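Okay, so here's the structure we're looking at.
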Amino acid sequence: MRTIPRLRVSALAAGVLAAGLTAACGTPGESKDSGSGGSGPIKIAVVDAQSGQLSSLGKWEYKGAKLAVDEWNKAGGIGGRTIKLDVFDDQGDPTVGTNIARKIGSQHYIAMIGTAESAVTIAMAPTLRQEEIPNIASGQSNGMVALKSPFLFLNGPTSTTYDETLAKYVVDTKKMKKIAMISNNGSYGKGEHDAFLKALSDRGIKPVADETVTTDQKDFSAQLTKIRQKSPEVVFIGSEEVESGLIVKQARDLGIDAPFAGAAPQGTPVYRDTAGVKNVEGTIVSSPYLSNDVSDASKKFAAAYKAAYGEDAELHGAKAYDGTSILLTALKNSNAATGRKLADAIRAVRYQGLLGDFQYDDTGVGIKATSIGIMKNGTVVKADG
C-alpha cells in the first residue's frame, strides 16, 4: 500500500467548491481510510472549473462522473465499500489547480477525474505524479502526452486525432483549399492550432490567414476583418466554447459567410447558444461523441443523464462518465489498489465506452478516433461521406 505524505496546505479562499453540491459529495478529507485493504469510503476527487468562463465544462464533467459513481454505489460500490466523490473548483487557473493537487494528496484521495482544461492538468501533473495519484483527464493537448507521466490518462483523443480527422474531411473529402485559421494563445488553442496546421502542411496546404487572439479577448474585429479579405471557403477555429461562439457571431456580423470548423467545443450547446443557432449552421465538428443518438449505449446514458439532471447530455459528460467507469473498473479489478498498482490497473482495462473502445498505451492515450458531424438546425448530425 502506498503511504501518502501529510502535507501542510494553505486554505484556498476560492479554490475549493464545497462538496455539498449533492448527496454523493461530502467534506473533503473526512476519511483517513481510503486505500487498498481499508474499510472506509474510497475517495475520488473531481477537479474542474465550477466558476468562470469554463464552468460549463466543469459542471458537465462533474455530472458525468457522479452518474457513474451513483450507478456503482447503487450496485454495491467496490467490494462493499462506498465510492465518495468530492468536487473542487480549479477556476480554470493552473495556480489554483496546483494548490488543489497538494490538497487532495494530503487528504488521501486515491484518484482524480479532470480537469477539462489542459493547462490546469499540465500544472497539476508533477504533484500528482509525486503523490502517485492516478488522474484521468479530459483535455486533449499533446502537451499532456509530452509529460510522459505514468499516472496521467486521457479519456478522449488528443488534438492530433481531432484535427487530422478534420483536415481529412475538409481537404480530402470536400476539396477545400482556401482555409483560414483563428485560434487563441492558450494551451487548448495553441494545441489545436499546431495540430491542424500540421495536418494542412502534410497535405501541401498553407492557410490563407492564420490569426491569433487571447483567451480573454472579446472584440475580434481586427482579426476577422483580415480573414474576410481572404474570402476563405472555411474557417478553422481553435478556441473554447464561449470564445468560439463570440468569434462566430462577430464573423457573421462582419459578413463572413463561410462555415466554421473545429473540434469538441464547436459541437456543444454553449457554442451554439453563444453564437446563435442561425450563425452556427453548417459548422463542421470533429468529435468522438457526435450526439446522444449514435448508439444504444449513448441513448441509455443520455436517458439516465436526463433523469438525473433534467438536461441533455453532451460530449464532456460522456467523457467523464467513460473515464470514471474505467477508474472504477480498475479499482474493482485491483481490489481497490492505490498508487502505481492502481495506475497499472487502469492501463490494463479494456473498456467499450460511449466514445469508443478504450485501450491505454504507454502515452496515457486510450482512444484514437473521432467522427465528423455538421451543425444543422442547432444539432450536430453525422456528416455524409
Side-chain angles (χ1 to χ4, degrees), residues 53 56 159 162-163 165-186 188-201 203-287 290 372-381 383-385:
Q53 185 167 295
S56 58
S159 293
Y162 278 97
D163 295 318
T165 303
L166 188 62
K168 183 177 180 180
Y169 179 81
V170 169
V171 178
D172 301 350
T173 301
K174 292 301 180 180
K175 309 302 181 185
M176 295 178 176
K177 295 186 177 180
K178 291 186 66 178
I179 301 168
M181 299 177 62
I182 181 168
S183 312
N184 72 37
N185 60 0
Y188 173 78
K190 186 177 187 307
E192 284 296 289
H193 169 275
D194 292 352
F196 190 67
L197 186 63
K198 181 181 185 305
L200 292 183
S201 298
R203 290 164 170 80
I205 302 292
K206 182 178 180 180
V208 295
D210 187 356
E211 297 296 321
T212 301
V213 300
T214 65
T215 56
D216 58 354
Q217 193 167 328
K218 297 296 186 291
D219 182 357
F220 310 98
S221 56
Q223 291 85 4
L224 291 172
T225 297
K226 294 178 182 178
I227 288 174
R228 183 183 61 186
Q229 292 171 349
K230 301 297 183 178
S231 301
E233 297 173 279
V234 64
V235 180
F236 170 83
I237 185 167
S239 184
E240 294 85 354
E241 286 78 0
V242 173
E243 187 172 68
S244 292
L246 293 174
I247 288 171
V248 171
K249 187 176 186 301
Q250 293 179 32
R252 299 304 185 221
D253 290 343
L254 284 172
I256 297 173
D257 57 8
F260 280 81
Q266 285 68 56
T268 64
V270 171
Y271 164 74
R272 176 198 65 201
D273 295 343
T274 303
V277 172
K278 183 179 179 181
N279 291 331
V280 300
E281 185 74 10
T283 296
I284 304 166
V285 182
S286 175
S287 174
L290 293 176
I372 295 295
I374 307 294
M375 187 75 79
K376 294 185 177 181
N377 299 317
T379 301
V380 177
V381 300
D384 296 330

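All values reported here derive from a predicted model rather than from experimental measurement. Residues: numbered from 1 along the sequence shown. Worth knowing before you read on, the calculation uses all heavy atoms, side chains too, and leaves out hydrogens, waters and symmetry mates.
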Inter-residue atom distance Leu254.CG - Phe220.CZ, 0.5 Å rounding: 12.0 Å
Heavy-atom pair with the smallest gap, counting every atom of Gly282 and Pro259: O-CB, 3.6 Å
OG-OH distance between Ser287 and Tyr162, expressed to the nearest 0.5 angstrom: 5.5 Å
Criterion side chain to side chain contact (heavy atoms under 4.5 Å, CB included) on Glu281 and Lys376, from CA distance to verdict: CA-CA 5 Å; Glu281 185 74 10; Lys376 294 185 177 181; 4.0 Å; yes
Sequence neighbours excluded - side-chain hydrogen bond (donor to acceptor under 3.5 Å, both in side chains) pairs with any residue from residues 247-259: none
Partner residues of Gln266 under the side-chain hydrogen bond (donor to acceptor under 3.5 Å, both in side chains) criterion, sequence neighbours left out: Ser244
Donor-acceptor pair, side chain of Lys178 and main chain of Val234, under 3.5 angstrom: no
Straight-line distance of Thr268 OG1 to Glu240 CD, nearest 0.5 Å: 11.0 Å
Asp210 and His193, any side-chain heavy atoms less than 4.5 Å apart: yes
Trace of the side-chain hydrogen bond (donor to acceptor under 3.5 Å, both in side chains) decision for Thr283 with Tyr271: CA-CA 11 Å; Thr283 296; Tyr271 164 74; 2.9 Å; yes
Leu200 side chain near Lys206 side chain, heavy-atom distance below 4.5 Å: no
Pair Ile227-Ile256, side chain to side chain contact (heavy atoms under 4.5 Å, CB included): steps then yes or no: CA-CA 8 Å; Ile227 288 174; Ile256 297 173; 4.3 Å; yes
Note, Glu243 side chain near Asn184 side chain (heavy atom, < 4.5 Å): yes
Side chains of Asp172 and Arg203 in contact at under 4.5 Å (non-hydrogen atoms): yes
side-chain hydrogen bond (donor to acceptor under 3.5 Å, both in side chains) involving Glu233 - partner list, sequence neighbours excluded: none
Approximate separation, where rounding is to 0.5 Å, of Glu192 CD and Ser159 OG: 4.0 Å
Minimal non-hydrogen separation, Asp384 against Tyr169, with atom names: O-CE1, 3.9 Å
Inter-residue atom distance Lys168.NZ - Thr173.OG1, 0.5 Å rounding: 7.0 Å
Test item: Lys218 side-chain N/O and Asp216 main-chain N/O as donor-acceptor pair under 3.5 Å: yes
Met181 side chain near Leu197 side chain, heavy-atom distance below 4.5 Å: yes
Test side-chain hydrogen bond (donor to acceptor under 3.5 Å, both in side chains) applied to Asp219 and Ser221, step by step: CA-CA 6 Å; Asp219 182 357; Ser221 56; 2.9 Å; yes
Check against side chain to side chain contact (heavy atoms under 4.5 Å, CB included), Ile372 and Ile284: CA-CA 7 Å; Ile372 295 295; Ile284 304 166; 3.9 Å; yes
Distance-minimising heavy-atom pair for Ala258 and Pro232: CB-O, 3.4 Å
Lys/Arg N to Asp/Glu carboxylate O, Asp194 vs Lys190, below 4.0 Å: yes
Nearest atoms (heavy-atom pairs only) where Ala251 meets Leu224: N-CD1, 3.6 Å
Over all atoms of both residues, closest heavy-atom pair of Ile182 and Gln223: CD1-CB, 4.1 Å
Heavy-atom side-chain contact between Val213 and Asn185 under 4.5 Å: no
Atom pair OG1 (Thr225) and CD (Glu211), whose distance is rounded to the nearest 0.5 Å: 9.5 Å
Close side-chain approach of Leu166 and Phe236, heavy atoms under 4.5 Å: yes
Close side-chain approach of Leu246 to Thr274, heavy-atom, < 4.5 Å: yes
Heavy-atom closest contact (Val285 atom, Ala263 atom, distance): CG1-O, 3.7 Å
Ile237 vs Val248, side chain to side chain contact (heavy atoms under 4.5 Å, CB included): CA-CA, chis, key distance, verdict: CA-CA 9 Å; Ile237 185 167; Val248 171; 4.3 Å; yes
